[in-house]
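Computed from heavy atoms alone, side chains included, the values below leave out hydrogens, waters and symmetry copies. Every value quoted in this text rests on a predicted model; they were computed, and no experiment measured them. Throughout, numbering of the chain's residues begins at 1 and tracks the sequence. In listed order, ligands and their atoms are each counted from 1.
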Amino acid sequence: MSNSIQTVGIIGSGTMGNGIAQACATHGIRVVLVDINQAAIEKGLAAVASSLDRLIKKEKISATDKDAALALIQGSTSYDDLKGAQLVIEAATESETLKVKILQQLDSLLAPEVIVATNTSSISITKLAAATQRPDRFIGMHFFNPVPMMALVEIIRGLQTSDATHDAGKALAERPAKSPVTAKNAPGFVVNRILVPMINEAFFVLAEGLATPEDIDAGMKLGTNQPIGPLALADMIGLDVCLAVMNVYMAEFNDSKYRPAPLLKEMVAAGWLGRKTGRGIFTY
Ligand SMILES: NC(=O)c1ccc[n+]([C@@H]2O[C@H](COP(=O)([O-])OP(=O)(O)OC[C@H]3O[C@@H](n4cnc5c(N)ncnc54)[C@H](O)[C@@H]3O)[C@@H](O)[C@H]2O)c1
């Protein structure tokens with residue numbers, strides 16, 4: 001099935017959408033990249049071009065490879081241009097209302113056999129599938145940021161996802177040299193379900209005064225072979241994002257093991273959100 005996929009539609013040309021577009025196009029897959037206005041499209045295409053320039057500088061690709069990749073990406077503000085795609089990945093802003101609206105728009109536009117995927121980090125795949133007229137041909141394809149560098153794609157099966165859809169999504173993820181793992185739908189899927197509570201625990205450890213932030217991060221880096229410590233990672237993700245994720249787990253699982261660390265809440269209240277505000281656990 002995935003071999004019959006020549007053109008992938010991508011909705012949203014932001015961080016993730018343009019990253020997925022780049023990964024596909026550098027591996028010979030034609031892309032139609034749709035966003036709401038021309039400025040957003042141009043910003044997305046410029047991000048791809050400068051990311052490819054960095055790869056040229058590192059001698060990972062040639063200038064010819066860059067031109068070939070860019071030639072495979074068609075930017076558009078019209079959903080009609082998605083009609084030629086055999087699979088469409090929704091990577092628009094994280095809002096359930098918005099995503100449901102987009103998915104319903106796609107339903108009326110795309111042929112019934114077209115598979116629709118979503119890159120959502122936090123919305124239930126089962127719930128989104130239920131809002132479409134193709135619940136068995138709907139799947140989560142959760143890419144990681146920055147997409148061109150990160151090997152993982154979580155392939156998330158909603159309750160309704162068919163085996164054929166799963167196999168097609170997985171095979172497509174392998175074409176831009178990604179390593180897919182399959183998971184059933186549940187809040188946080190697999191990686192963030194484990195990662196974010198670990199970060200939250202680092203805030204408890206810090207608040208209990210067990211070790212300095214530097215030693216907590218050094219301990220986790222040296223002791224578990226992670227490239228970055230949990231507190232520096234929290235600063236990178238954004239403390240507000242970490243807190244929001246813990247709040248979702250708390251609400252969805254109704255289990256106190258997901259209680260957000262009071263220090264994390266306090267720092268978010270202070271507006272110390274990490275790198276993006278110049279101050280989090282560390283200062284930037
Ligand atoms: N950023 C991450 O690290 C990350 C990682 C994994 C998954 N995700 C998920 O990927 C999705 C996109 O996140 P992002 O970080 O790229 O966001 P972003 O804000 O960088 O980009 C979102 C884009 O969607 C566009 N958009 C909004 N409404 C649209 C519509 N109706 N039609 C077409 N385009 C529309 C916006 O104009 C914007 O360009 C979200 O669901 C997010 O949860 C993000």
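You'll find the side chain of Leu239 reaches within 4.5 Å of the side chain of Leu264, heavy atoms only. Asp53 places a side-chain heavy atom less than 4.5 Å from the side chain of Lys66. Side-chain contact between Phe189 and Ile125 is present, with at least one heavy-atom pair separated by less than 4.5 Å.
Counting heavy atoms closer than 4.0 Å to ligand 1, residue Leu98 contributes side-chain atoms (C-beta onward) but none from N, CA, C or O. Under 4.0 angstrom from ligand 1, the non-hydrogen atoms of Lys99 all belong to its side chain. With a 4.0 Å heavy-atom cut-off, ligand 1 is reached by no atom of Lys43. With a 4.0 Å cut-off on non-hydrogen atoms, Asn145 touches ligand 1 through its side chain and not its backbone. The proximity of Asn37 to ligand 1, defined as any non-hydrogen pair under 4.0 Å, does not occur for either the backbone or the side chain.
When only non-hydrogen protein atoms are considered, atom 20 (O) of ligand 1 lies nearest to Thr15 N, 3.0 Å. Of the protein's heavy atoms, Phe143 O, 3.2 Å lies nearest to atom 6 (C) of ligand 1. Protein heavy atom in closest approach to atom 39 (O) of ligand 1: Asp35 OD2, 2.6 Å. For atom 29 (C) of ligand 1, the closest non-hydrogen atom of the protein is Ile36 CG2, 3.7 Å. The single protein non-hydrogen atom nearest to atom 19 (O) of ligand 1 is Thr93 OG1, 4.7 Å, given as residue, atom name and distance.
For Arg193 and Tyr258, the side-chain atoms include at least one donor-acceptor pair closer than 3.5 Å. No hydrogens or angles considered: nothing links the side chains of Asp67 and Thr64 as a donor-acceptor pair under 3.5 Å. No donor-acceptor contact under 3.5 angstrom links the side chains of Ser121 and Glu94, judged on distance only.
Below 4.0 Å from some heavy atom of His142 lie the following atoms of ligand 1, by number and element: 6 (C), 7 (C). When each atom of ligand 1 is checked for a heavy atom of Ile11 under 4.0 Å away, the hits are 32 (N), 33 (C). Taking every heavy atom of Gly14 and a limit of under 4.0 angstrom, the matching atoms of ligand 1 come to 16 (O), 20 (O), 21 (O), 23 (C), 39 (O). The Tyr79 neighbourhood of ligand 1 comprises atoms 30 (C), 31 (N), 32 (N), 33 (C), with distances under 4.0 Å to a heavy atom of that residue. For ligand 1, the atoms closer than 4.0 angstrom to any heavy atom of Ser121 are 6 (C), 7 (C), 8 (N), 9 (C), 42 (C), 43 (O), 44 (C). Per-residue contacts place Thr120 under 4.0 angstrom from the following atoms of ligand 1 (heavy atoms of the residue considered): 41 (O).
The neighbour count for Gln38 CD, taken as heavy atoms of other residues, nucleotides or ligands under 6.0 Å away, is above 12. The local environment of CE in Met198 is crowded, with over 12 non-hydrogen atoms from other residues, nucleotides or ligands closer than 6.0 Å. For Asn225, the CG atom is loosely surrounded, since the number of other residues' heavy atoms within 6.0 Å does not exceed 12.
Among Met16, Glu94, Glu96, the residue whose heavy atom lies nearest to atom 16 (O) of ligand 1 is Met16.
Within a 4.0 Å radius of atom 24 (O) of ligand 1, the protein has at least one heavy atom. At least one protein heavy atom sits closer than 4.0 Å to atom 10 (O) of ligand 1.
For the salt bridge (charged side-chain N to carboxylate O under 4.0 Å, His left out) criterion with Asp240, the lone passing option out of Lys265, Lys276, Arg275 is Lys276.
Connection of Leu195 to Val181 is not established within any shared hydrophobic cluster, with ILVMFWY side chains joined at heavy-atom distances below 4.5 Å, either directly or through further cluster members.
Val190 belongs to a hydrophobic cluster whose remaining members, ordered by chain and number, are Ile194; membership requires side-chain heavy atoms of ILVMFWY residues under 4.5 Å apart, directly or through intermediates.
Ligand 1 lies out of reach of Phe144, whose nearest heavy atom is not under 4.0 Å from it.
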